[in-house]
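Worth saying up front: this structure is predicted, and the values here are computed from it rather than measured. Each chain gets a letter, A, B and so on, in the order its sequence line appears, and its residues count up from 1.
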2 protein chains.
Amino acid sequence: MNQMRDDDIASVMRALGHPVRLSILRILAEQDAGDCCCTDVTQCLPLAQSTVSQHIKVLLDAGLVERQAKGTRNCYKLRTDRLAEFNSACSGLFAGLATTVSPVKELA
Amino acid sequence: MNQMRDDDIASVMRALGHPVRLSILRILAEQDAGDCCCTDVTQCLPLAQSTVSQHIKVLLDAGLVERQAKGTRNCYKLRTDRLAEFNSACSGLFAGLATTVSPVKELA
DNA sequence: CTGGTTCATCGGCAATCAGCGATAGAGAAT
DNA sequence: ATTCTCTATCGCTGATTGCCGATGAACCAG
């Protein structure tokens, strides 16, 4: 039901198309239990805080991460629903690409 | 065995991070049976030939497409092996992100 | 050799990206 | 009120991207 269009898929792909942002997702996943704020992430990376903040914003805009104001800090966590959605959209895309004219006829 | 590193995943993601390039993959998939050269693709898109050629080059560099000199033309087709590899790398990535500290312990 | 087709590449242009330091605003604590 | 921490945003730089038209190489047909 929840079909992602090519534009949506492409923009999520672009958001994921940077190694630092993949690292950020991993960091958030590891520290998912507790709170994970921007400086926490920054301390795991050899980058300035402002740079990390901007990468996080990209992930936010792509809907892959959500913000929770928790006391003083802003805490971030993964939107696993969106990740799953994107994952299945990917699989669908690739399945559609692989199965076309050539091999066995698929069941519509 | 064939683990893709984050850098590899990210560069494939970047290659897929443009709607036109997704369209090109779809076009190649449809016309996979026959030959599909650059002008064929161009005629399916509202873009100049040079632009399409450059998009194809991005896909080539990412290893998602291969070139076959066929007579006069250059024919392109999908590298379904690479697509599958990337797809499983994605699934692995997302699975790793979803399953961390919280729920059931996974079998290493 | 001449002419047609295909296509990769070059040069140029505007827009976007990735990085940084600096700054300002929002809360908490003193 | 003052001071601390946290962090989003601004301004700047250089690099990359996306698009185009034009050019030239490669190839086949006359």
Side-chain angles (χ1 to χ4, degrees), chain A residues 6-28 31 34-79, chain B residues 6-28 31 34-79:
Chain A
D6 272 8
D7 285 2
D8 306 321
I9 295 181
S11 62
V12 175
M13 290 274 191
R14 253 202 319 278
L16 294 175
H18 196 293
V20 166
R21 291 198 279 269
L22 295 182
S23 301
I24 292 177
L25 292 185
R26 290 235 169 75
I27 292 167
L28 291 182
Q31 310 198 357
D35 347 70
C36 194
C37 68
C38 182
T39 41
D40 293 336
V41 177
T42 302
Q43 283 170 354
C44 301
L45 294 170
L47 292 171
Q49 176 267 327
S50 56
T51 305
V52 173
S53 180
Q54 290 191 115
H55 279 302
I56 290 178
K57 180 170 167 47
V58 173
L59 294 171
L60 266 174
D61 290 344
L64 298 174
V65 148
E66 67 185 334
R67 179 174 11 211
Q68 266 177 333
K70 199 165 190 175
T72 315
R73 352 175 171 279
N74 280 344
C75 295
Y76 295 97
K77 65 177 208 182
L78 300 181
R79 291 197 49 186
Chain B
D6 272 7
D7 285 2
D8 306 321
I9 294 181
S11 61
V12 175
M13 290 274 193
R14 254 203 317 278
L16 293 176
H18 195 293
V20 166
R21 291 198 280 270
L22 295 181
S23 301
I24 291 177
L25 292 184
R26 289 237 169 74
I27 292 167
L28 291 182
Q31 311 199 356
D35 348 72
C36 195
C37 67
C38 182
T39 41
D40 294 335
V41 177
T42 303
Q43 283 169 353
C44 302
L45 294 169
L47 292 171
Q49 175 265 328
S50 56
T51 306
V52 173
S53 180
Q54 290 190 117
H55 279 303
I56 291 178
K57 180 170 168 46
V58 173
L59 294 171
L60 265 175
D61 290 346
L64 298 174
V65 148
E66 66 185 334
R67 180 177 5 217
Q68 268 176 331
K70 198 165 188 174
T72 314
R73 351 177 171 278
N74 280 346
C75 294
Y76 296 96
K77 66 178 209 182
L78 300 180
R79 290 198 49 188

I56(A) has an atom CD1; how far is it from atom C1' of dA18(C), in whole Å? 15 Å
Measure from CG on L22(A) to P on dA18(C) and round the result to the nearest Å. 12 Å
Among the nucleotides dA8(C), dA8(D), dT6(C), which one has an atom lying closest to any side-chain atom of R73(B)? dT6(C)
Separation of dA26(D) atom P from R67(B) atom CZ, nearest Å, is 14 Å
Expected list for residues 10-20 of chain A near DNA chain C, using heavy atoms below 4.0 Å, is H18(A)
Across the strands shown, which category fits T39(A) at heavy-atom distances under 4.0 angstrom: base, sugar-phosphate, nothing? sugar-phosphate
Please tell me if S53(A) has a side-chain N or O lying less than 4.0 Å from either OP1 or OP2 of dT7(D). no
What are the atom names and distances for every N/O pair under 3.5 Å that joins the protein to nucleotides 20-22 of chain D?
from: dC20(D); atom 1: OP2; to: A48(B); atom 2: N; distance (Å): 3.0
from: dC20(D); atom 1: OP2; to: T51(B); atom 2: OG1; distance (Å): 2.5
from: dG21(D); atom 1: N7; to: S50(B); atom 2: OG; distance (Å): 3.3
from: dG21(D); atom 1: O6; to: S50(B); atom 2: OG; distance (Å): 3.2

Any side-chain N or O of N74(A) less than 4.0 Å from the OP1 or OP2 oxygen of dC6(D)? no
Rounded to whole angstrom units, what separation is found between the CD atom of Q43(B) and the P atom of dT6(C)? 8 Å
Salt-bridge present (R26(B), D6(A); N to O < 4.0 Å): yes
Grab the two heavy atoms, one from I27(A) and one from C44(A), that are nearest each other, plus how far apart they are. CD1-CB, 3.5 Å
Check the interface with nucleotides 27-30 of chain C: list each N/O to N/O pair with the protein under 3.5 Å, or write none.
none

Report the residue (R21(A) or L60(B)) whose heavy-atom-nearest nucleotide on DNA chain C is the more 5′ of the two. L60(B)
Euclidean distance, atom NZ of residue K57(B) to atom P of dT16(D) [Å, nearest integer]: 14 Å
Tell me the interatomic distance from L59(B), atom CG, to dT17(D), atom P, rounded to whole angstroms. 13 Å
Closest approach of G17(A) to R14(B) (non-hydrogen atoms, all atoms of both residues): O-NH1, 2.8 Å
For the student: nearest non-hydrogen atoms of V65(B) and R79(B), plus distance: C-CG, 3.8 Å
L59(B) CG to R21(B) CZ distance, which is reported to the nearest 0.5 Å: 6.5 Å
Report yes if some heavy atom in the side chain of Y76(B) is under 4.5 Å from a heavy atom in the side chain of L60(B); otherwise report no. yes
Measure the distance from CD1 on I24(B) to P on dC7(C) and round it to the nearest whole Å. 13 Å
So, for S23(A) and L45(A), which heavy atoms are closest and what is the spacing to 0.1 Å? CB-CD2, 4.2 Å
To the closest 0.5 Å, what do you measure between CD1 (I56(B)) and SG (C38(B))? 4.5 Å
Between C1' on dC20(C) and CG on L45(A), what's the gap in Å once rounded to a whole number? 15 Å
Is the CZ atom of R73(B) crowded by more than 12 outside heavy atoms at less than 6.0 Å? no
Rounded to the nearest 0.5 Å, what's the gap from CD on Q31(B) to CG on D40(B)? Could you check? 5.5 Å
Contact under 4.0 Å: H55(B) side-chain N or O vs dC19(D) OP1/OP2: yes
Is it true that D35(A) and K77(A) make a salt bridge, defined as a side-chain N closer than 4.0 Å to a carboxylate O? no
So, for V41(A) and C36(A), which heavy atoms are closest and what is the spacing to 0.1 Å? CG2-SG, 3.8 Å
